[in-house]
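What you are looking at is a predicted structure, and each value in this text was computed from that prediction instead of being measured. Side-chain atoms are counted along with the backbone in the values below, which use heavy atoms only and exclude waters and symmetry mates.
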Amino acid sequence: MITRKPAVRQGAQHPVASKSERRPSGRPHGLVLLQDLLVFGACEARQQSTYVPCDIAAVAVAASLQPEASRIWMIVGERRFVVTLSGNATGQAFAELLPLTLDMAELNGNEKHADLPTALPADATQPGMIHNGDLMLYGSKTVVVFYKAFTSPYSYSHIGRVADPAGLVHALGQQSVRLSFLKYK
């Protein structure tokens, strides 16, 4: 009999099937795999309202399971980053602007920002904690790419998140930068 695993705590690592949940071959039962995929999906869903940190590997796997329509490229010089768009009106409206190239100004040593050519639908919330790789909308026209984690009292609408933000700090640097956003192909 398969027993339910306890809920994953905030910041906890991805749960692993216990020996009692494995077949003799050592592989988890299909239901355990389905439950694990639901945990990954919960990580992504939490990012759409108030971001709760998830295991980085879990977010990367979840991003790879997303349909291509929910992923875009963010290009900085020679570096490409996959961005998983939020499944909200802001993320969808941002995708409709693509392809898009923005000259983004540096601010506070943790973010790049630029005004969009048109306003997007906004549903701002106070995330509290901003994370490396968050792509957000400030107001209705200012897109912001965060490359360092910090706490913030400001309200933002989620556009998406860089699936693997490793190297983002180095790629963006401390100066203004040109970023291109393209449809994922």
Side-chain angles (χ1 to χ4, degrees), residues 8-16 33 35-88 90-95 97-104 106-114 125 127-138 143-152 156-185:
V8 178
R9 294 183 325 272
Q10 178 178 348
Q13 294 294 321
H14 170 65
V16 177
L33 289 173
Q35 182 179 3
D36 290 346
L37 288 174
L38 292 173
V39 169
F40 293 146
C43 290
E44 291 292 299
R46 285 189 295 237
Q47 291 179 14
Q48 293 174 15
S49 57
T50 302
Y51 182 82
V52 177
C54 296
D55 177 72
I56 290 175
V59 172
V61 169
S64 69
L65 297 174
Q66 298 293 318
E68 284 189 12
S70 68
R71 291 182 286 174
I72 62 172
W73 288 111
M74 181 177 78
I75 302 170
V76 185
E78 299 296 317
R79 295 287 312 266
R80 285 181 171 238
F81 296 90
V82 174
V83 174
T84 302
L85 294 173
S86 298
N88 59 21
T90 310
Q92 292 170 1
F94 185 79
L97 295 177
L98 304 184
L100 179 67
T101 298
L102 298 170
D103 290 320
M104 301 190 78
E106 167 64 30
L107 185 64
N108 299 325
N110 58 19
E111 67 187 76
K112 304 292 186 195
H113 68 93
T125 59
M129 187 70 188
I130 302 291
H131 296 272
N132 177 15
D134 284 344
L135 179 62
M136 307 248 208
L137 182 69
Y138 180 74
V143 66
V144 185
V145 177
F146 293 98
Y147 60 90
K148 288 187 181 175
F150 66 100
T151 58
S152 173
Y156 300 94
S157 299
H158 288 270
I159 295 173
R161 175 154 174 70
V162 175
D164 180 8
L168 190 58
V169 173
H170 180 69
L172 293 177
Q174 293 294 314
Q175 305 297 322
S176 297
V177 66
R178 177 169 283 181
L179 273 85
S180 294
F181 297 92
L182 304 171
K183 294 188 183 216
Y184 189 88
K185 293 181 183 183

J.: So which atom in Ser152 and which in Ile130 form the shortest heavy-atom distance, rounded to 0.1 Å?
T.: CB-CG1, 3.8 Å

J.: Which residues pass the side-chain contact (heavy atoms from CB on, under 4.5 Å) test with Lys183, not counting sequence neighbours?
T.: Leu98

J.: What are the two closest non-hydrogen atoms of Leu85 and Gly91, and how far apart are they?
T.: CD1-O, 3.8 Å

J.: Could you state the interatomic distance from OG1 (Thr151) to CE (Met129), rounded to the nearest 0.5 Å?
T.: 6.5 Å

J.: Nearest 0.5 Å please: distance from the NZ atom of Lys112 over to the CD atom of Gln175.
T.: 7.0 Å

J.: Applying side-chain hydrogen bond (donor to acceptor under 3.5 Å, both in side chains), name anything that partners Ser176, two or more places apart in sequence or on another chain.
T.: none

J.: Kindly indicate whether the side chain of His158, heavy atoms from C-beta on, has any atom under 4.5 Å from the side chain of Asn88.
T.: yes

J.: Looking at side-chain heavy atoms only, is the closest gap between Val144 and His113 below 4.5 Å?
T.: yes

J.: How many angstroms lie between atom OG1 of Thr101 and atom CG of Leu182, to the nearest 0.5 angstrom?
T.: 7.0 Å

J.: Which residues pass the side-chain hydrogen bond (donor to acceptor under 3.5 Å, both in side chains) test with Arg178, not counting sequence neighbours?
T.: Asp103

J.: Test Val145 against Leu172 for side-chain contact (heavy atoms from CB on, under 4.5 Å), laying out the working first.
T.: CA-CA 9 Å; Val145 177; Leu172 293 177; 4.0 Å; yes

J.: Quick one: list whatever passes ring pair (Phe, Tyr, Trp, His ring centres under 6.0 Å) with Phe81, sequence neighbours left out.
T.: none

J.: Quick check for you: to the nearest 0.5 Å, what is the distance between Tyr156 atom OH and Thr90 atom OG1?
T.: 14.5 Å

J.: So, Asp134 side chain and Gly160 main chain: donor-acceptor pair closer than 3.5 Å or not?
T.: no

J.: Find out whether Val162 and Leu168 are in side-chain contact, i.e. whether some heavy atom of one side chain is under 4.5 Å from a heavy atom of the other.
T.: yes

J.: Rounded to the nearest 0.5 Å, how far does OH of Tyr184 lie from CE of Met74?
T.: 14.5 Å

J.: For Gln92, which residues count as a side-chain hydrogen bond (donor to acceptor under 3.5 Å, both in side chains) partner, sequence neighbours excluded?
T.: none

J.: Output all residues satisfying side-chain contact (heavy atoms from CB on, under 4.5 Å) with Gln174, sequence neighbours left out; order by chain, then residue number.
T.: Glu106, Tyr147, Lys148

J.: Can you sort out the partners of Arg79 under salt bridge (charged side-chain N to carboxylate O under 4.0 Å, His left out), two or more places apart, ordered by chain and number?
T.: none

J.: Considering residues at least two apart in sequence or located in another chain, which fulfil the ring pair (Phe, Tyr, Trp, His ring centres under 6.0 Å) criterion with Phe94?
T.: Phe181

J.: Hey, could you give me the CD1/OG distance between Ile72 and Ser180, rounded to the nearest 0.5 Å?
T.: 11.0 Å

J.: Let me see the working for Phe150 and Glu111 under side-chain contact (heavy atoms from CB on, under 4.5 Å), right down to the final yes or no.
T.: CA-CA 10 Å; Phe150 66 100; Glu111 67 187 76; 4.2 Å; yes

J.: Should Val143 and Leu135 count as side-chain neighbours, where that means a heavy-atom distance under 4.5 Å?
T.: yes

